[in-house]
Amino acid sequence: MTITGVKGFNDILPADVGKWHHIEGVARRVFELYGFSEIRVPVLEKTELFTRSIGDDTDIVEKEMYSFTDKGDNRVTMRPEGTAGVIRAFIEHKLHRTDPVAKLYYMGPMFRYERPQKGRYRQFHQIGAELSGVTSPMVDAQILTMLCHYFAELGLTEPTLQINSLGCSECRPPYRQKLKDFLQVRLHSLCEDCRRRYENNPLRVLDCKATGCREATVAAPSVLDNLCHGCADHFAETKCYLRDVGTRYEINSRMVRGLDYYTRTTFELVTSLLGSQSAVAAGGRYDRLIEQLGGPQLPGIGFAMGVERIVLLLSEQDFRKRPDLFFVYLGESAQKKSFTLMSELLQMGVSVEIDYEGKSLKSQMRRADKSRARYTLVIGENELNKGMVVLKDMDNGVQLDMVLDSHNISRIVRCNPYQPT
RNA sequence: GUGGCUGUGGUGAAGCGGUUAACACAAACGACUGUGACUCGUUCAUACGUGGGUUCGAAUCCCAUCAGCCACCCCA
């Protein structure tokens, strides 16, 4: 009986890691360009942090959290999302004292106990960004623009940005009631799920895929028509800023969020290429969350992207590394010389591979080819006696004799960097 | 939590009660006695997710179990 991994917890094999590095590296570069700094927070938090921020009645809290009691009798939870922990750290370390405007980003695993399927796993990874302390819609527009900028850098233009406003504590409750009144007389034509949603999350009915529900709600009141002045202005200005910088968006007044803390602007980056997991990134404003978690009265906005979903979207590009040089040697003295020469070149930062088993020349050449090395260095008895080596360009087959000298070799290899294929 | 589908080597797969379990790719080695990619040859599953059962005989039928995938719910 071999031991297998845990359901929904996946290994990321070396063949795929290059893609992950790329996704993470571009995120670091773009986010830092916009002035964000990385923050690293633990994977485990007190359960209460999530029940208080995400909301007791949400699916995440009700049935998806990995929670347990540790040996010290503390109720703890493996984070199902990143925002709560980042805000907790922000408050705990009083980062707002230094500067209420904090721009933070994070990346790492999240955990949700769900049935795995395409683009959805029990351990999954998110890259997210949070910005605190600014009410101006300018940051709404900038956050969205940064998100689109990031996807453009990855070469992904297919996902489209959808935006909505959920209002605030002033205008959402009245709207919610208005919607319930509208739905009440149509309950009979709603699906079973929506009848349940009518009670605990009436806004969610608008997002139902069932055709019966779609038809029943075509004339439903829209959140956007029921925003208070403040929220309406905020949304209008956000759109205005977006237009000014050419960030394309669609308005989706039926978009709902799964976490309770969102206010005003919410958004999703959606794709049609991922089956039923259409969201590759999502987020919104959370103007009450920081004080709700015991911090100062500061607004906030942020988003998270699903790394596995981005991996699925990224075409089969080859992100594997290519060594600069592959050593091929013949005979024992050549082997010894190769080892020291290889070591010298590695110290100089030239990546070198070699066939440790000392197989036939043909076999070594085959390995050199398979390693996709840019150059092969052939060291045989004849060359060694003359203090020479043969350098072969593996892309065009041209080879030349050269003096056996690490600086000499390093110079040639470095000034002909390979072109990524 | 609820449905549906699938489980044959490193991979993609043929097989549908009696076969040496095809074929292709990958891999290893060799044809070319010091040079990769092309060509050619050789090797590569006593094994068909696991456990039972039916049968003279099962990868092929039945049951159970496990795993994976996809969808619902929900979500990144």
Side-chain angles (χ1 to χ4, degrees), chain A residues 1-2 4-8 10 13 15 54 57-64 79-83 107-128 147 159 191-194 196-197 200-201 204 207-210 255-259 267-271 274-284 302-313 326-331 334 355 357 359-384 389-399:
Chain A
M1 269 294 268
T2 54
T4 58
V6 177
K7 187 196 199 69
N10 302 127
L13 273 6
I54 299 171
D57 299 330
T58 58
D59 274 41
I60 293 179
V61 169
E62 268 182 8
K63 49 190 200 194
E64 295 174 1
R79 62 179 184 194
E81 61 101 36
T83 302
M107 51 185 70
M110 306 293 161
F111 307 85
R112 254 121 103 160
Y113 191 88
E114 301 180 271
R115 274 286 268 277
Q117 64 188 70
K118 185 175 191 172
R120 172 202 283 179
Y121 312 97
R122 290 185 174 176
Q123 173 176 318
F124 61 103
H125 296 76
Q126 288 190 331
I127 301 177
L147 182 60
C191 69
E192 213 176 298
D193 289 324
C194 282
R196 200 192 65 234
R197 288 167 183 148
N200 44 25
N201 191 2
R204 181 65 181 74
D207 203 29
C208 186
K209 288 164 197 152
M255 190 178 76
V256 194
R257 309 274 61 238
L259 289 65
F267 51 90
E268 269 180 20
L269 214 52
V270 298
T271 175
L274 250 39
S276 59
Q277 268 61 244
S278 56
V280 284
F303 64 80
M305 314 187 283
V307 180
E308 282 82 355
R309 293 183 185 178
I310 297 173
V311 168
L312 290 171
L313 288 180
F326 197 101
F327 274 30
V328 166
Y329 55 90
L330 286 143
D355 182 346
E357 305 292 349
K359 303 241 181 75
S360 70
L361 177 69
K362 179 164 198 78
S363 180
Q364 293 186 56
M365 285 304 292
R366 271 209 266 255
R367 282 195 79 83
D369 187 50
K370 201 163 54 150
S371 80
R372 303 160 7 107
R374 180 67 233 277
Y375 292 98
T376 296
L377 197 73
V378 184
I379 308 174
E381 302 293 347
N382 301 346
E383 286 86 1
L384 208 55
V389 289
V390 175
L391 186 74
K392 180 166 187 172
D393 185 320
M394 295 300 273
D395 291 349
N396 56 25
V398 173
Q399 55 182 55

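Source: prediction; values computed, not measured. By convention in this document, chain letters (A, B, ...) are assigned in the order of the sequence lines, proteins followed by strands, and residues within each chain are numbered from 1.
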B:C62 to B:G68 separation - C1' atoms, rounded to the nearest Å:
23 Å
Just to be sure I understand the rule, does A:K392 reach a base, reach only the sugar-phosphate, or reach nothing, if contact means heavy atoms closer than 4.0 Å?
base
Nearest-Å distance for atom pair CG/C1', residues A:L361 and B:G30
14 Å
Whole-Å gap separating C1' (B:G36) and CG (A:L377)
15 Å
A:E381 or A:N10: which one's nearest nucleotide on RNA chain B is closer to the 5' end?
A:E381
Taken to the nearest whole Å, CG/A:N382 to P/B:U35 is 12 Å
Should B:U60 form a Watson-Crick or G-U wobble pair with both distances under 3.5 Å, which nucleotide is its partner?
none
Could you write nucleotides 71-76 of chain B as a row of B, S and -, 5' to 3', where a protein heavy atom under 4.0 Å of any base atom gives B, of only sugar-phosphate atoms gives S, and otherwise -?
BBBBBB
If you measure from the P atom in B:U60 to the same atom in B:A28, how many Å do you get, rounded?
34 Å
Any strand is fair game: report the nucleotide pairing with B:U43 by Watson-Crick or G-U wobble, both distances under 3.5 Å, or none.
B:A27
Touch class at under 4.0 angstrom, heavy-atom based, for A:G128 against every strand present
nothing
Under a 3.5 Å cut-off for both distances, is B:C75 Watson-Crick or wobble paired, and to whom?
none
Using only atom types and a distance under 3.5 Å, with no angle test, would you say the side chain of A:E308 pairs donor to acceptor with the backbone of A:H125?
yes
For a quick test of reading the model, state the closest non-hydrogen atom pair linking A:L274 to A:K118 and the distance between them.
O-CD, 4.5 Å
Could you check how far CG of A:D369 sits from P of B:G36, rounded to whole Å?
9 Å
Both A:Y113 and A:V378 contact RNA chain B. Which one's nearest nucleotide lies toward the 5' end?
A:Y113
Rounded to whole Å, CE of A:M365 lies from P of B:G36 at a distance of 6 Å
Return yes if some donor-acceptor pair links the side-chain N/O of A:Y329 with the main-chain N/O of A:L377 below 3.5 Å, else return no.
no
When you compare B:G36 with B:A27, how far apart are their C1' atoms, in angstrom units rounded to a whole number?
16 Å
For A:R79 against A:P109, the heavy-atom pair lying closest together
NE-O, 2.8 Å
Using a 4.0 Å heavy-atom cut-off, does A:T376 contact any base of the nucleic acid, only the sugar-phosphate backbone, or nothing at all?
nothing
If I take atom CD in residue A:Q364 and atom C1' in nucleotide B:A28, what distance separates them, rounded to the nearest angstrom?
15 Å
Contact class for A:E383 (heavy atom, under 4.0 Å): base, sugar-phosphate, or nothing?
base
In whole Å, I'd like the distance from the CZ atom of A:F326 to the P atom of B:G36.
14 Å
Once you round to the nearest 0.5 Å, how far does CZ of A:F326 lie from CZ of A:R372?
13.5 Å
Looking only at heavy atoms, what is the nearest atom pair of A:R112 and A:P80, with distance?
NH1-O, 2.5 Å
Any A:K362 side-chain nitrogen or oxygen under 4.0 Å from OP1 or OP2 of B:G36:
yes
Watson-Crick or G-U wobble partner of B:U35, both distances under 3.5 Å
none
Quantified in whole Å, what is the P atom distance between nucleotide B:U11 and nucleotide B:C74?
37 Å
Find the distance A:R366:CZ to B:C32:P and express it as a whole number of Å.
14 Å
Any A:K370 side-chain nitrogen or oxygen under 4.0 Å from OP1 or OP2 of B:A28
yes
Would you measure the distance from the P atom in B:C72 across to the matching atom in B:G41 and give it in whole Å?
50 Å
Between B:G52 and B:G57, how far apart are the two P atoms, rounded to whole Å?
16 Å
Taking only the P atom of each, what is the distance from B:U50 to B:G7 in whole angstrom?
14 Å
For atom C1', what is the distance between B:U43 and B:G10, given to the nearest Å?
16 Å
B:G3: pairing nucleotide in any strand, Watson-Crick or G-U under 3.5 angstrom:
B:C70
Minimum-distance pair of heavy atoms, taken over all atoms of A:D395 and A:R374
OD2-NE, 3.1 Å
Pairing partner of B:A14, by Watson-Crick or G-U wobble and under 3.5 Å for both distances, is none
Could you report the tightest heavy-atom contact between A:Q364 and A:K359, atom names first, then the distance?
NE2-O, 2.9 Å
A:Y375 (side chain) donor-acceptor with A:A373 (main chain) under 3.5 angstrom:
no
